[in-house]
Amino acid sequence: MSTEAIAAEKPKRNYNALFGLTLLALLVLLWVILSVATPSFASTNNISNLLRQGSMIAILAVGQTFVIITGGIDLSVGAVVGFATVIAAMLINAGVPVILAILITLLVGVAIGLFHGFGIVKMGLPPFIITLATLTSLRGIGLLMTNGNSISINNDAFQLFSRSSFLGIPNLFWMVILVGIPAYVFLHHSRWGRYLFSVGSNAEASRLSGVNVQRTIYMAYTLSGLCAAFVGVLLASRIGIGNPTQAEGWELQAIASSVIGGTSLFGAVGSVHGPLLGAFILATINNGANLLNVNAFWQRIITGVLIIVIVYFDGLRRRGK
Amino acid sequence: MTSTAQELHPAPTLEPGRTILELKGLEKQYPGTHALKPVSLAFKSGEIHAIVGENGAGKSTLIKLLTGVMPRTSGDVIWEGKPAALATPHEAMALGINAVHQEVVLCRHLTVAANMFLGEEDSRFGILQQRAMVREAQKIIDDLGFDLPAHVVLGDLTIGQQQLIAAARATVRGTKFLIFDEPTAYLTRKEADQLFTLIRRLKGEGVTIIYISHRMEEVFELADRVSVLRDGTLVGTRNIAETNDAELVKMMINRSIEQVYHKEHFTPGATLLEARNLSGKGFENVSMTARAGEIVGLYGLIGAGRSEFVTTLYGRHRKSAGQILWEGKEVQINSEHDAIRLGMALAPESRRDQGLCLNLPVGLNLNLPIYKRISSNLLISSAQEKTEADRQIANLRIKTPTRNALASSLSGGNQQKIVIGKWLAHGARLFIFDEPTVGVDVGTKAEIYRLFGELLSKGAGIILISSYLPEVYELADTLHVFRRGKLVATHGFHTADHEEILTQALAEKQEKLGGQI
């Protein structure tokens, strides 16, 4: 039995790896084409820029993926990013030490995530509704707090961070690695990661098997809120202002990245590397389209078409298996 | 579609005894599996043809080919003398081939009438003739002798009642060939009788009935002929008068089954669980004990309160009165988590809805209750994860290519083994099995019963819920009978006969089906 099991195990692993490799190949292919088509694409400057552009959506997409695996959705992440820039900016301008300001901002993200968990678990609201409510109200709270103005952050060291590089790689991209590796271990090698999948597949069966379903849901939304607040800190550092209307529509980009990366909106299917690759594929398309002077409106259309094509082929292959 | 409800009456009587459908070397191959080896078989109009076989024997594949859900790999299908492609469900339905599935596949949120006419609604100038449809549906239902209202939402009916509606629906579509796939799995005896009346009536009208069931007594009660499938091969077809239970079982599993209900008696040990005057939603004032080494059977009709009682023991629902004692001490069980920590395990009634994460691997399903044990500081030991899964797969003889196969790809019996098997490694001491053999074949049943014996010999206790009397009767050391939320009688092993127990479970026979809504 065991030899048989080991022998037959490979196809599935290969499938997951294959999908990842296909995405990676697509990304490389895009890079090769763009390097040939435009002189400026392969420049160090542009690549750094691209990595910076993709990094923030990538981190959002990882948090989003946790939620989607449980069968939920987090529409609030873009608003949380904007709100977090305001919190970070206010704290830093008020003279709070940067590290402490960052920690508090992250805690705000955690609190928002816990609130989502509360709404879903205790109030019985659908994830779509509770996070949609947060999406609109957080923007409002942020605007109230700032009177609709942007807050310029007067701390050069804070802003320098996101503009600097380490070992030739932009710091923002290092942040993707900082989030990605623990996220991978968490999702694929920890008990709670397994519970995310089992709750997404069948919450009732998980409950009867002794899984704490409520805690699992709290955890997913808390992690998503945390990732979003972290991205808010990075965005504040990058742009140097706190403004609650920033990151408009980023929740959709995060969901798109996740879905392109093979996450199933029905739950119980997803990975960490998938959404990361998805985010950088989207960033590459936007970046390349800019360089090629493609009308910005077209970029949106291309993104839409890409989502349909990739998810369609992924679905075909899953069914065909 | 201009068809009106009037046209949807049962098809005109067909000439009986004529061959209506002939299969010539019908075959289905999937990559890697030969699901159905060439089958040649002729069905006559007006016959009830039972098809029996273990889970995974190819029955579902045959149905899917006949109803056009899947294309065949090779072979010919002759329908009323002409070759038929049967490439789409629509084509099958147009010919008059219909199926009633084990699980009801109707729209739970629509009314009974809307479901009856789904896809063939009666409308004038684009406006639905709702009242006319309800009237028409009610007429059909009354005509069939089902005491059910047509205007209520389908989801408000019991599963058994929904199944009757599904059957009624199939009869109004000019059906000449009707397949029933385990229709009685969730039916009470009374509902099953109503269904059998319907089936016999259709037969009288010349409709060909394919009847698939694991319940031998139903096959002998209903069928004219019976065909046996084993491992995708048609083993043989018999006239029902010329065969018997033993022969069919032998054909199905290719080994003589000395004893499906293999019962070992152990001396009961210490009391594990005691319920004292327990009340809750759906049951009241129930007292019972479960000891190590014994099987406590809970018998009653579906809806008699047995499931509600055990899920309350298991912390899924709150009790409203009474006490629960575990090993002599009173305990508060507020969640499944509490119950599991004490040492209880529940294999729930519906494996699809409550038992399994279908789109996740077999291994993950088996390990779900024990991840805490096989991980340290949250990180899972992947070596232990693999060994535990493989051990259970081997121990339970779960037929799966690997532990990474998705649970949904397994047959019903093997899925059921996962639902039970995941608790074995957990080391639970009181196992609650809620209808563990619904829709499971004889061979798997025997294996599940063997497992019961193993658990008992290791000092565990079992609470067994079943609506299938022979099962609890042959296995339970103590048998409690439930009726309408109350524990109405208690028997020892074989201290009462079937008839007495049945009477206690049914009692008020005049109780109307519609009254339960």
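Chain identifiers are assigned alphabetically (A, B, ...) following the order of the sequence lines, protein sequences preceding nucleic acid strands; residue numbering begins at 1 within each chain. Heavy-atom basis, side chains included; hydrogens, waters and symmetry copies ignored.
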Legend entry - Approximate separation, where rounding is to 0.5 Å, of B/K417 NZ and B/I448 CD1: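 Answer rounded to 0.5 Å: 7.5 Å.
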
Legend entry - Gap between atom CG of A/L276 and atom OG of A/S258 - 0.5 Å precision: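 Output value for this atom pair is 10.0 Å.
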
Legend entry - is_close_aromatic(B/F433, B/F452), centroid dist under 6.0 Å: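 Centroid distance B/F433-B/F452: below 6.0 Å, so yes.
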
Restricting to non-hydrogen atoms, name the atom on [X] and the atom on [Y] that form the minimum distance, rounded to 0.1 Å.
X: A/L196; Y: A/A220; answer: CD2-CB, 3.9 Å
X: B/P436; Y: B/I465; answer: CD-O, 3.6 Å
X: B/A407; Y: B/I418; answer: CB-CD1, 4.5 Å
X: B/I324; Y: B/T312; answer: CD1-O, 4.4 Å
X: A/L282; Y: A/Q253; answer: CD1-O, 3.9 Å
X: A/S224; Y: A/Q64; answer: OG-N, 4.1 Å

If you check every heavy atom in [range] against those of chain B, which residues fall under 4.5 Å?
range: residues 201-212 of chain A; answer: A/S201, A/N202, A/E204, A/A205, A/S206, A/R207, A/L208, A/S209, A/G210, A/V211
range: residues 176-192 of chain A; answer: A/V185, A/H189, A/S190, A/R191, A/W192
range: residues 102-123 of chain A; answer: none

Inset, instruction - Check for a donor-acceptor pair, side chain of B/W423 on one end and backbone N or O of B/L346 on the other, with a separation under 3.5 Å. - result: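 Answer holds: yes.
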
Inset, instruction - Measure from the side-chain N and O atoms of B/R306 to the backbone N and O of B/S466, and report whether any donor-acceptor pair falls under 3.5 Å. - result: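 Answer holds: yes.
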
Inset, instruction - May I ask you to say whether B/K422 pairs ionically with B/E388, meaning some side-chain N is under 4.0 Å from a carboxylate O? - result: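 B/E388 and B/K422: not salt-bridged.
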
Legend entry - Contact origin within B/L364 toward chain A - heavy atom pairs under 4.5 Å: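 For B/L364, the contact with chain A is made by the side chain alone.
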
Inset, instruction - Would you mind telling me which of B/C357, B/S409, B/S382, B/S375 has the largest number of heavy-atom pairs within less than 4.5 Å of chain A? - result: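 The option with the most such pairs is B/C357.
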
Inset, instruction - With a 4.5 Å cut-off on heavy-atom pairs, point out which of B/T387, B/N359, B/I340, B/L360 contacts chain A the most. - result: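 Greatest number of close heavy-atom pairs with chain A: B/L360.
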
Legend entry - Verdict with reasoning, A/F66 to A/F197, per ring-ring contact (aromatic ring centres under 6.0 Å, His included): CA-CA 9 Å; A/F66 291 152; A/F197 284 101; 9.4 Å; no

Inset, instruction - State which residues pass ring-ring contact (aromatic ring centres under 6.0 Å, His included) with B/Y314; sequence neighbours excluded, sorted by chain then number. - result: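 So B/Y314 forms no ring-ring contact (aromatic ring centres under 6.0 Å, His included) with any residue.
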
